[in-house]
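What follows is a single structure, written as structure tokens, with notes after it.
Heavy-atom basis, side chains included; hydrogens, waters and symmetry copies ignored. We name chains A, B, ... by the order of the sequence lines, and we start the count at 1 in each one.
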There are 2 protein chains.
Amino acid sequence: MANRNDVAKWAGVSEATVSRVFSGGAVKEATRRKVLAAAEKLDYLPNTVAQNFAKGRSGHIGIILPYLPKVRLFSVDYFSELLSGFGEAVREVGYDLLLLLRSPEEQDYSELFRARKVDALVILGAKEAPEQKAALAALKKEGQPFCLIDQQFMGSGFNEIVADNIAGGYMATQHLVNRGYRKIAALSGPMVYSNARDRFHGYKLAMEEASLAIRDQDLLQGNFSRKSGYEAALRLMQQGLPDAVFAANDRMAIGLIQGLKEAGVLAGRDIAIVGFDNADASKMCDPALSTVDVPYFEMGKTAARRLLQQIFTGERQPFHERLPVQLVVRDSCTRASEKITF
Amino acid sequence: MANRNDVAKWAGVSEATVSRVFSGGAVKEATRRKVLAAAEKLDYLPNTVAQNFAKGRSGHIGIILPYLPKVRLFSVDYFSELLSGFGEAVREVGYDLLLLLRSPEEQDYSELFRARKVDALVILGAKEAPEQKAALAALKKEGQPFCLIDQQFMGSGFNEIVADNIAGGYMATQHLVNRGYRKIAALSGPMVYSNARDRFHGYKLAMEEASLAIRDQDLLQGNFSRKSGYEAALRLMQQGLPDAVFAANDRMAIGLIQGLKEAGVLAGRDIAIVGFDNADASKMCDPALSTVDVPYFEMGKTAARRLLQQIFTGERQPFHERLPVQLVVRDSCTRASEKITF
DNA sequence: GTGAAAGCGCTAACAA
DNA sequence: TTGTTAGCGCTTTCAC
């Protein structure tokens, strides 16, 4: 493989001109063609590392994802959607994605910037913990561009792209209300996550609007895992079944369905259940899970685009977008007589 | 943030010495401490981009993953395991992971190396197509280190880390045989994937060993999707049910279970089904799916380690490792009377 | 063990 | 529009 020098000679121009051709500078069309021909001939491609180095940047957007060996804290359910969204956005401008697996204690975010590994950061699975918040606040003070996904820190001024989790919880619950259910329980995620809080909030709104009482026993606390859903089923069996349950994610909803089934209680017949995320698994369980679809692809694309914009313009106006969600009705909340195929 | 020059002055040494401290050169302990103190004081971290540039490398291992907008060709099921494995390996040597979403037509692998975006490539979802093979052969000829995951091209000499798919297919089928099933069908994945071929091969071996006939109608062709499993159920209903089915992955197995269930045929009662992958969903479906566990984490770690080794040593001896798999028995192939809880 | 200095391949400011 | 040239921050010989 040739270097720029060879190409310059071959095309009869200076190295700078070769550079301009490859980085979109102003070059006469004839010259551009000569250079491209030479490059083609000599099999030349600019060295990305050198380019980025000279530009004083990395050309990467870092994706922080929670990593605990052997524990799957991070829900892989919508990961591929999100990634595709990031990928779509960065590809438009020639950036790349740097994957950064980090255990919750490793909050060396600032170092990632100072070591020039990334020009911006997308942070997945951030939770409302003092150290977490402090690490992010520090980043912000340094003026480093980063964005949280589906997680918000009230009053922090952080960049955030979230789903309309309140609306989702509301729609799901309202749907249950409209179907005539009255005793509607909520199986929540960890309240350190704002999306868990918001989904629960939406549930409450719908209950209040319908003037339905939320009894203490209707408040189930899970941790987003299938297991915690399964355990919630045991509790429900002991304390008496509600008419319906709104679960804050699909994994818990599925665990719940499984736990109840083992006790002879069938979702979609004896009890109605709605989940959240529209994960792949929601179509794999039995009955198929009614759920709330979250536009993860769009969220990813939006987040990356806005970050790139901040990188390029240098402007740091905080952004905060909330994307709409959609109820997906399947069998887990449908009466046997009106079952639909999906 | 300070640069190396400041640190050098502060510590009273030359820049070269600072460099040595941070890249593990030979430095007197006292000097090393002085430099580190200065760096700490001045909040200095070496610029990764500059380091890599000077070293003439990128410091990245690229992960190619199949990307089709809106289509989930790539099974996300074991993606997180694999990633964690890569991550574990690269972290040991300060490398990073570059995520490269590529549609099947985009086989610009060589450019990734020539543009210095990556020092090595892990290629996921490679299939036995002429262009694919040609692109990989070209890479190999150029001496670029890359590795395929769970996919092999016979006689190619490519680096490959695979699961023992033949053994997996064999074990799964043998288990069905041992349980007394005789008419055992196979639901295969696309034969362009070597793992699909091998899993099927394992099935055949077990059938032959047990002197069981494989009737034409026992050979079902799917495409690894849940839908194709669902459709296979329809076929089975028409042509008459076998005693058991070995499905080449969990998604198809789950689709199959769902399709059969709609026709009133229950897996684990009326028919035995075993899948492959031990995906998350295998615990979410009903009945819980018996399957073959694949050590994706280990495979990822191994692949990345071997590639790093090739990067550092410059040696290009092809490697090929086959990791053992394990049968996981759940309810989909268990008779009602002997059901176990997992 | 440490310092001096020549690159690494590119960008960008300045000239022409 | 194009050429010249000074960096960008580090690694790496080569002396000392």
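- One can place CZ of B/Arg116 at 7 Å from P of C/dG9, the figure rounded to the nearest angstrom.
- Set against C/dA12, C/dG3, D/dT4, the side chain of A/Lys55 has C/dA12 as its closest nucleotide.
- The side chain of A/Ala16 has D/dT4 as its nearest neighbour among D/dT4, D/dT2, C/dT2.
- Residue ring and nucleobase are stacked for A/Phe53 and D/dC8, with a centre distance beneath 5.5 angstrom and an angle between planes beneath 30°.
- One atom, CD of A/Glu29, and another, P of D/dT2, lie 10 Å apart when rounded to the nearest Å.
- Here D/dC8 is the nucleotide among D/dC8, D/dG3, C/dA4 with the atom lying nearest to any side-chain atom of A/Ala54.
- Between the C1' atom of D/dT1 and the CD atom of A/Glu15 lies a distance of 18 Å, rounded to the nearest Å.
- Put simply, CG on B/Asp6 is 11 Å from P on D/dC10, counting in whole angstrom units.
- Dashed line: the shortest gap from a side-chain N or O of B/Thr17 to OP1 or OP2 of C/dT2 is not under 4.0 Å.
- Annotation: side chain of B/Lys127 is not in contact with side chain of B/Gln151 (no heavy-atom distance under 4.5 Å).
- Looking at the side chain of B/Lys28, the nearest of the listed nucleotides D/dT12, C/dG1, C/dC10 is C/dG1.
- The separation between B/Asn52 atom CG and C/dC10 atom C1' is 15 Å, rounded to whole Å.
- Ion pair A/Arg322/A/Glu160 not flagged as a salt bridge, since none of the NZ, NE, NH1 or NH2 atoms sits closer than 4.0 Å to an Asp/Glu carboxylate oxygen.
- When A/Val35, A/Val7, A/Leu36 are each tested for a side-chain contact (heavy atoms from CB on, under 4.5 Å) with A/Tyr44, only one passes: A/Val7.
- Taking atom CZ of residue B/Arg57 and atom P of nucleotide C/dG9, one finds them 15 Å apart after rounding to whole Å.
- Within 4.0 Å of A/Arg20, counting heavy atoms only, lies at least one base atom of the nucleic acid.
- Of all the heavy atoms in B/Val21 and B/Arg32, the pair that sits closest is O-NH2, 3.6 Å.
- For A/Phe22 and D/dT2, the CZ to C1' distance is 17 Å, given to the nearest whole Å.
- Listed candidates were C/dG1, C/dG3, C/dC10. Nearest to the side chain of B/Ala26 is C/dG1.
- Here A/Arg4 does not reach the OP1 or OP2 of C/dG9: none of its side-chain N or O atoms lies under 4.0 Å away.
- With rounding to whole Å, B/Asn5 atom CG is found 10 Å from D/dG9 atom P.
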Is there a salt bridge (charged side-chain N to carboxylate O under 4.0 Å, His left out) between A/Glu88 and A/Arg305 once you walk through the steps? CA-CA 9 Å; A/Glu88 180 114 339; A/Arg305 281 224 180 112; 5.9 Å; no

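- Put simply, the side chain of A/Asn3 gets close to the backbone of A/Asp6: a donor and an acceptor are under 3.5 Å apart.
- Using a 4.5 Å heavy-atom cutoff, the side chains of B/Arg102 and B/Leu65 are not in contact.
- The stretch residues 31-49 of chain A touches DNA chain D through A/Thr31, each having a heavy atom within less than 4.0 Å of the strand.
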